[in-house]
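Small disclaimer: the values here were computed from a predicted structure and weren't measured. In what follows, chains are A, B, ... by sequence order, proteins preceding strands, each numbered from 1.
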Number of protein chains: 2
Amino acid sequence: MTQTDTKTRILDCAERLFAREGYHATSLRTLTKEAEVNLASVNYHFGGKEALLQAVLERHLLPLNAIRRDKINSVLEQARNRSTAPETEELLRAFVIPTFDFRDSAPGARDFVTMIGRAMNEPDATVRNAFLILIIPLFKEFFAALRLALPQLPPAVLLARLQYSMGALSQALHTGKDDAAQHFDIPVTLNNQERINQLLNFMQAGLEAPL
Amino acid sequence: MTQTDTKTRILDCAERLFAREGYHATSLRTLTKEAEVNLASVNYHFGGKEALLQAVLERHLLPLNAIRRDKINSVLEQARNRSTAPETEELLRAFVIPTFDFRDSAPGARDFVTMIGRAMNEPDATVRNAFLILIIPLFKEFFAALRLALPQLPPAVLLARLQYSMGALSQALHTGKDDAAQHFDIPVTLNNQERINQLLNFMQAGLEAPL
DNA sequence: ACACGTTTTAAACAAGTGTTTAAATGGCCG
DNA sequence: CGGCCATTTAAACACTTGTTTAAAACGTGT
């Protein structure tokens, strides 16, 4: 399967370079040289640079969103069976945990997670919209679920808090060892699980804050 | 003062285009045409595109950071006079409020705030580092002040929560009417002051969350 | 009015961009 | 083997990029 090899090699390389250098800063010549494929193969297999970006996003984000959707619906169903409102914490876990599970599941997955952590804040509308189109349907479901967990919050307030939560998540996803944190000389640092728990704590406290 | 006119016209245009299209997506030809100056004047007055970016950031971020630093120190001094620990809420206000005050102070200021809201998450290291170098000293002071307000938190936990808070702030700064929010049909939306209060509430609750 | 330093201008530069083309290669089946 | 399809390849295309150059224009102080 030379075709599959070529396509995946391009996708793998693209997701690494897009995550580390950015979409605009990555040229097809750098990309194809590093992937050891011909320059024209990107256009042949994907149709262009922008279509490649979309393919990179879809490859992992669609399955990831499906998992998140399932987990959210599972939390909702359990709440219905109990005839109670779903817990904010459970919904947050359903949305957040799959991302970190995926990040640690494969070597290249970390780059992809970094990429989507930054995509929401991309200055370039091309990249930002390509990501938003894939994530907004899930956002709407997540928002509707949180409405059930926090019925006392006005919708506009919940929406604002959800946006702030996504900003916190974004930070957690793309912040690495090379980041600003190294400028703070902290004696002990947090391991992965502790960081995830801190993030969930933070989001839950912010979402459930008194009005 | 033709010189000042040219320099400021370039700076104004650069901050608008960098904020709306991104640094890489903005070409000097687009920029200079829109600013109605000669193409070469960017290199003559600033030395190059990257130096222009730094000048754009410094022009407003240095004064803004000075204000934030003063307000933080003022909160700390008042706490010392009372012989009590500073309040998390007061420190947050000292850090956050000046940014929004600045945003509403001038027509072009909104673009600058959008830009710094995104700069922290920039995929491109050139832009990200140019911003981080200017903001990290203030971050360290802010972190030290928050340590006094939240002495029971391990430093690593506080640092993580501070990063998440900055993610929330970043969202609040660069999120506009054109953003994902428009996909949610919410009956009533929040005005500026309400959004700021919600952000402060969110950050405070997250920072002060029980361990 | 002249001269000097600063600023503006148009043109050219060298390099890099995404994309397209047409020929070459490859493998598979009749 | 020969024909056909998908794939790969190298080259060229048309265009844009940031930067540099040298001459022109400008403004100011004497």
Side-chain angles (χ1 to χ4, degrees), chain A residues 1-59 115 122-130, chain B residues 1-59 115 119 122-131:
Chain A
M1 295 290 167
T2 312
Q3 179 211 358
T4 305
D5 267 356
T6 300
K7 285 186 79 165
T8 10
R9 263 214 307 285
I10 292 174
L11 285 171
D12 289 344
C13 237
E15 106 182 341
R16 181 173 65 247
L17 289 172
F18 289 171
R20 300 188 181 181
E21 321 284 344
Y23 172 74
H24 268 96
T26 301
S27 80
L28 290 184
R29 281 172 178 80
T30 308
L31 172 56
T32 52
K33 195 184 298 180
E34 196 154 318
E36 301 181 57
V37 300
N38 188 271
L39 169 61
S41 52
V42 169
N43 277 274
Y44 178 76
H45 286 288
F46 298 94
K49 191 185 180 186
E50 196 168 329
L52 171 62
L53 170 67
Q54 192 173 334
V56 168
L57 287 174
E58 286 180 356
R59 177 170 65 151
M115 186 183 175
E122 259 281 349
D124 183 66
T126 305
V127 184
R128 199 172 61 244
N129 287 336
Chain B
M1 295 292 167
T2 312
Q3 176 212 357
T4 305
D5 268 357
T6 300
K7 284 187 77 166
T8 32
R9 262 213 308 285
I10 293 174
L11 285 171
D12 289 345
C13 237
E15 104 182 344
R16 180 172 66 248
L17 290 172
F18 288 170
R20 299 188 182 182
E21 321 284 343
Y23 171 76
H24 267 96
T26 302
S27 79
L28 290 185
R29 280 172 179 79
T30 310
L31 172 57
T32 52
K33 194 185 297 179
E34 197 154 318
E36 301 181 58
V37 299
N38 188 271
L39 167 62
S41 52
V42 169
N43 278 272
Y44 177 77
H45 285 288
F46 297 95
K49 191 185 181 187
E50 197 168 328
L52 171 62
L53 170 68
Q54 191 172 336
V56 168
L57 288 173
E58 286 180 355
R59 177 170 65 150
M115 185 182 175
E122 259 280 349
D124 183 66
T126 305
V127 184
R128 199 172 62 246
N129 287 335
F131 171 76

To the nearest angstrom, how far is [X] atom [atom1] from [N] atom [atom2]?
X	N	atom1	atom2	value
A:L39	D:dC13	CG	P	16 Å
B:D5	D:dC26	CG	P	16 Å
A:H24	D:dT17	NE2	C1'	12 Å
A:R9	D:dT7	CZ	C1'	13 Å
A:R29	D:dT9	CZ	C1'	14 Å
B:N38	C:dT8	CG	C1'	6 Å
A:L28	C:dG18	CG	P	4 Å
A:L17	C:dT17	CG	C1'	16 Å

Which residues in residues 30-37 of chain A have a heavy atom closer than 4.0 Å to any atom of DNA chain C?
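Of all residues in residues 30-37 of chain A, none places a heavy atom under 4.0 Å from DNA chain C.
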
Contact residues, residues 49-58 of chain B to DNA chain C [heavy atom, < 4.0 Å]
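Nucleic-acid contacts, sorted: none.
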
Side chain of [X] only, heavy atoms from C-beta on: which candidate in [options] is closest?
X	options	value
A:N43	C:dT19, C:dT6, D:dT7	C:dT19
B:A40	C:dA10, C:dT8, C:dG18	C:dA10
B:H45	D:dT8, D:dG18, C:dT8	C:dT8

Gap between atom OG1 of A:T6 and atom OH of A:Y44 - 0.5 Å precision
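Rounded to the nearest 0.5 Å, the OH-OG1 separation comes to 10.0 Å.
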
Salt bridge (charged side-chain N to carboxylate O under 4.0 Å, His left out) contacts touching residues 12-27 of chain B (sequence neighbours left out):
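Qualifying pairs, neighbours excluded: B:D12-B:R59, B:E15-B:R59, B:R16-B:E34, B:R20-B:D111.
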
Tell me whether the side-chain N/O atoms of A:S41 come closer than 4.0 Å to OP1 or OP2 in D:dT9.
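No, no such contact exists.
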
Take A:S27 and A:Y44, find for each the nucleotide of DNA chain C with the closest heavy atom, and name the residue whose nucleotide sits nearer the 5' end.
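Nearest nucleotide further toward 5': that of A:S27.
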
Any residue meeting side chain to side chain contact (heavy atoms under 4.5 Å, CB included) with A:N129, in chain and number order, not counting sequence neighbours
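For A:N129 the side chain to side chain contact (heavy atoms under 4.5 Å, CB included) partners, ignoring immediate neighbours, are A:A125, A:L132.
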
Side chain to side chain contact (heavy atoms under 4.5 Å, CB included) involving A:L39 - partner list, sequence neighbours excluded:
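Only A:L28, A:R29, A:T32 meet the side chain to side chain contact (heavy atoms under 4.5 Å, CB included) criterion with A:L39.
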
Are [X] and [Y] side-chain neighbours, meaning at least one heavy-atom pair lies under 4.5 Å?
X	Y	answer
B:K49	B:L31	no
B:E50	B:Y23	yes
B:L11	B:H45	no

Test side-chain hydrogen bond (donor to acceptor under 3.5 Å, both in side chains) applied to B:E58 - qualifying residues, sequence neighbours left out:
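B:E58: side-chain hydrogen bond (donor to acceptor under 3.5 Å, both in side chains) contacts with B:Q54.
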
Restricting to non-hydrogen atoms, name the atom on A:L53 and the atom on A:A130 that form the minimum distance, rounded to 0.1 Å.
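Heavy atoms only, the tightest pair is CD2-CB, 4.3 Å.
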
